[in-house]
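Below: one structure, written as structure tokens.
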Amino acid sequence: MKTFILSALAATLVASPLLAAAPAEAQQQRREVTTVRHNDNGRTVVTKRTVVRTPQYRNWRAGQRFDRRQAQNYRVITTYRNYRLAAPPRGSQWVRSGNDALLINGRGNVVQVRGGAFR
């Protein structure tokens, strides 16, 4: 029983860095592009390159539907007074997207945007 617990603990320590790195790689889209060009002198030039696309984040405006997958550095703000934000109405909450603070109502719509609230 003791060896089983120790082996499970060792497997957890080995696998944890691998699991932590997976979401960052899953967000990026990799694609290999091969270009073949035939010159006038009869030579063939083959160019291979890898294109990496990272997700594009949004600039939020009031009235838009909020989706946390499109928010950069998403966090719920519980200490809104530290950032000079007013108390959210009942059912609403302040969230962070990049350097902006967004007031989100209960239905998931953006009510207010405070640009540059985090520096």
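Residues take their numbers from the sequence shown, with the count starting at 1.
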Throw together a table of side-chain donor-acceptor distances under 3.5 angstrom for residues 101-113, partners on residues two or more places apart or in other chains.
from	atom 1	to	atom 2	distance (Å)
Asn105	OD1	Arg107	N	3.2
Asn105	OD1	Gly108	N	3.1
Asn105	OD1	Asn109	N	2.8

Less than 3.5 Å apart, which donor and acceptor atoms pair up between the side chains of residues 33-43 and the rest of the protein, not counting sequence neighbours?
from	atom 1	to	atom 2	distance (Å)
His38	ND1	Thr44	OG1	3.2
Asn41	OD1	Arg43	N	3.2

Whether the side chain of Arg96 engages the backbone of Gly98 through a donor-acceptor N/O pair (distance < 3.5 Å, no angle test) should be reported. yes
Value rounded to 0.5 Å, distance of OH in Tyr80 from CZ in Arg114: 13.0 Å
Apply side chain to side chain donor-acceptor pair (under 3.5 Å) to Arg75 and list each qualifying residue two or more places apart in sequence or on a separate chain. Asn73
Go through the structure and list residues passing side chain to side chain donor-acceptor pair (under 3.5 Å) with Trp60, not counting sequence neighbours. Ser97
Contact list for residues 99-119, test ring pair (Phe, Tyr, Trp, His ring centres under 6.0 Å), sequence neighbours left out: Tyr83-Phe118
Of all the heavy-atom pairs spanning Ala87 and Trp94, show the shortest one and how long it is. C-NE1, 4.4 Å
Taking only residues two or more places apart in sequence or in another chain, which ones pass side chain to side chain contact (heavy atoms under 4.5 Å, CB included) with Asn82? Thr79
Residues that Arg61 engages under side chain to side chain contact (heavy atoms under 4.5 Å, CB included), provided they are two or more places apart: Asn59, Gln64
